[in-house]
Each structure stands twice: as C-alpha cells, then as structure tokens.
Amino acid sequence: MNRSRAQEGAAGVAAAVAESVQYQGRKASRHGSEQRRQQILDAAMRIVVRDGIRGVRHRAVAAEAAVPLSATTYYFKDIDDLLNDTFAQYVERSAAFMAKLWLNTEGKLRELVAYGDGSAGSRGLLADEIAHMAADYVQHQLLTRREHLMAEQAFHQAALHNPRLAVLVRSHEQILWQGACQIFQVLGSKQPQQDANVLTAIIGRMEYQGLLNGAQSVADDDRLGILTRYMHLVLAAL
C-alpha cells in the first residue's frame, strides 16, 4: 500500500512536468532524422555547460554535433528555438530522474513515520534522518550531476530575458518543489507548501555555492548542519 501511494505521487510529479513541456523546433519525421536532431540538442547542451548560453550558435553547434550546418537550421529556425528545445529536453529528463527519486524517498519516509511514536525524541531522530537524506541529495547532485547543475544555472539566468525559457524554468522548479511538498505532507506539516518553499530555496542555494566553491569537506558539514537545524524546527512545530 505504501509503495503504491509512493508510485502514484512520483508519477504525478513527472506527468505534470512532462505535459507542460513544449518543443518549438521542427519535428523529426524518420528514426534517422530523430537521431540527428538528438545529436544537435545534446551538442547544444554541452556548449551551454562549457561556454554558457552565448556560446550556442548554429555553426558552433553543428561543429560540436559533427553534422552539416544545414541540419541545425533545418530543425531550428533560430537560436531561441534551439535553446528552448535543449532545455525542454533537459526538463523532461529531469522529471524522469526525479520521479524515481521521489518513489524511493516517499516510501522510505512513510516507513520512518510509521515506526515513530510521535514523541519529541522520535521527531528529533526523524529530523536527523531527513536532514541526512537532503544533504546526501545535494552532495550527489554536485558530485555526479555537476554539468546538469551548470546548465540549470545558465538557463535560469537566460530566462530572465526570455519568456519561453521562463516557462520551462518554472516547470523545472516544480519537479523539486512538488516532491518536497509530498515529503512535508507525509510528515504531517500544516503548511507543506511553505515548508517546501524554504527547503527548495535552501537546496538551490547550496547547489549554487557548491558549484561556485568546488568540493570542500567543510561544506558538507555545513550543509548537514543547516538542513538538520531546519528540519528540527519544522518537526518541532508538528
């Protein structure tokens, strides 16, 4: 029963985000052409990570993807369409990745809550456990998905001047936020949305600082300390 409910919640996050994503470029008509279109989008993403948004130009992307220049202009009439679809693909992939994460996380949380007796001591242990899970998530992002985080930062900045990218950024933010809401609902928070706002803001700041400062062991301790303090404050109010 718990696993079924977790699957339903995770699927809801992924479905809501996937449905909101809209591609702007020309659709591929054959399998081979879809493979080439994919090459172009993957190449554009590598350039975003390496050189930033301004590095994405038709000629640069064609060279990175090892395709003719005419291929990039065939699928994407301008750079805005290319950037939009590059990030749209990223958002879809993020939704799939996070759906699996929420599936495991929500199921584990329900088990932890069920084992607790509701006492202050029990809530404290639960707060510690959740803080460790959140800290591990941030560390995993910085160690294994650093390029993804770099791309997120680049697209988030570009979205300030690009309304279409702004729509995708808001959809992308919903992936983490909706999952955080589910966590606080499982915990019995009276204000799960507000608690999720704070937690996702903390995580976002930690990811940015991690990208800026690089790997530092002291940062891992600091992140765990901040998350532990926050979760104790939240659970103490329940």
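Throughout, residue positions are numbered sequentially from 1 according to the sequence presented.
- Neither V167 nor L176 shares a network with the other; the hydrophobic side chains, linked directly or stepwise wherever heavy atoms of I, L, V, M, F, W or Y lie under 4.5 Å apart, form separate groups for each.
- No donor-acceptor distance shorter than 3.5 angstrom exists from the side chain of R223 to the backbone of A135, with no hydrogens or angles considered.
- One finds the CG atom of L212 at 13.5 Å from the CD atom of E207 (value rounded to the nearest 0.5 Å).
- Rounding to the nearest 0.5 Å gives a distance of 12.5 Å between CD of Q178 and CD1 of I183.
- For the pair T72 (side chain) and P68 (backbone), a donor-acceptor distance under 3.5 Å is absent.
- Listed here is the closest heavy atom pair of V169 and A159: CG2-CB, 3.7 Å.
- Between the T200 side chain and the N197 main chain, a donor and an acceptor come within less than 3.5 Å of each other.
- Here the closest heavy-atom approach between residue L149 and residue L142 is recorded as CD1-CD2, 3.8 Å.
- Donor-acceptor pairing under 3.5 Å is recorded for the side chains of Q209 and R205.
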Hey, mind stepping through E147 and M45 against side-chain contact (heavy atoms from CB on, under 4.5 Å) and telling me if it holds? CA-CA 9 Å; E147 291 187 353; M45 180 60 80; over 6 Å; no
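- Neither F184 nor W177 shares a network with the other; the hydrophobic side chains, linked directly or stepwise wherever heavy atoms of I, L, V, M, F, W or Y lie under 4.5 Å apart, form separate groups for each.
- The minimum heavy-atom distance between V48 and A154, with the atom names listed, is CG1-CB, 3.7 Å.
- Y74 and I40 fall within a single hydrophobic cluster, where Ile, Leu, Val, Met, Phe, Trp and Tyr side chains are chained together by heavy-atom contacts under 4.5 Å.
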side-chain contact (heavy atoms from CB on, under 4.5 Å) between D128 and H232: does it pass, once the steps are laid out? CA-CA 8 Å; D128 290 340; H232 273 266; 2.7 Å; yes
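- Contact annotation: the side chain of I53 never approaches that of Q157 to less than 4.5 Å [non-hydrogen atoms, C-beta and beyond].
- In this structure, a donor-acceptor pair under 3.5 Å is absent between the side chains of D78 and H58.
- A 6.0 Å sphere centred on CE of M133 holds more than 12 heavy atoms belonging to other residues, nucleotides or ligands.
- Screening residues 118-148 for ring-ring contact (aromatic ring centres under 6.0 Å, His included), with sequence neighbours left out, gives Y90-H148.
- Both the sub-6.0 Å distance and the 45° axial angle are not jointly satisfied by R110 relative to the ring of Y115.
- By the 4.5 Å heavy-atom criterion applied to side chains, I175 and F97 are not counted as neighbours.
- With values rounded to the nearest 0.5 angstrom, I79 atom CD1 is found 14.0 Å from R54 atom CZ.
- What you find for R36 and A71 is that their closest heavy atoms are CD-CB, 3.8 Å.
- There is a path of hydrophobic side-chain contacts, each under 4.5 Å, that joins M231 to L101.
- A 4.5 Å side-chain heavy-atom check between I130 and L187 finds at least one atom pair inside the cut-off.
- Taking both residues in full, the closest heavy atoms of A127 and L235 are given as N-CD2, 3.7 Å, listed atom of the first, atom of the second, then distance.
- Between the side chain of S189 and the backbone N or O of Q185, no donor-acceptor pair lies under 3.5 Å.
- Here M98 contributes atom CE and T105 contributes atom OG1; the two are 7.5 Å apart, rounded to the nearest 0.5 Å.
- For S94 against R145, the heavy-atom pair with the smallest separation is OG-NH2, 4.1 Å.
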Report the C-alpha separation of Y75 and S33 in whole Å, then their side-chain angles, then the decisive distance to 0.1 Å, and conclude whether the side-chain contact (heavy atoms from CB on, under 4.5 Å) test is met. CA-CA 10 Å; Y75 289 109; S33 59; 2.9 Å; yes
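- Salt bridge present: R37 and D85 bring a charged side-chain N and a carboxylate O closer than 4.0 Å.
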Salt bridge (charged side-chain N to carboxylate O under 4.0 Å, His left out) between K108 and D136, worked out: CA-CA 15 Å; K108 183 176 181 179; D136 287 345; over 6 Å; no
Run the side-chain hydrogen bond (donor to acceptor under 3.5 Å, both in side chains) test on D80 and Q24 for me, step by step, so that the C-alpha distance in whole Å, both residues' side-chain angles and the decisive distance to 0.1 Å come before the verdict. CA-CA 9 Å; D80 278 350; Q24 303 296 325; over 6 Å; no
Does the side-chain contact (heavy atoms from CB on, under 4.5 Å) test come out yes or no for F155 and T86, once each step is laid out? CA-CA 10 Å; F155 280 110; T86 300; 4.0 Å; yes
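- Judged as a salt bridge (charged side-chain N to carboxylate O under 4.0 Å, His left out), the pairs with a partner in residues 64-77 (not counting sequence neighbours) are, in order, R46-E64, R50-E64, K77-D81.
- Considering CZ of R146 and CE of M150, their distance stands at 6.5 Å, rounded to 0.5 Å.
- More than 12 non-hydrogen atoms from other residues, nucleotides or ligands lie less than 6.0 angstrom from CD of Q38.
- Remark: the backbone N or O of Q153 is not paired with any side-chain donor or acceptor of Y208 at under 3.5 angstrom.
- Cluster membership for I226 and L233, using ILVMFWY side-chain heavy atoms within less than 4.5 angstrom, is not shared.
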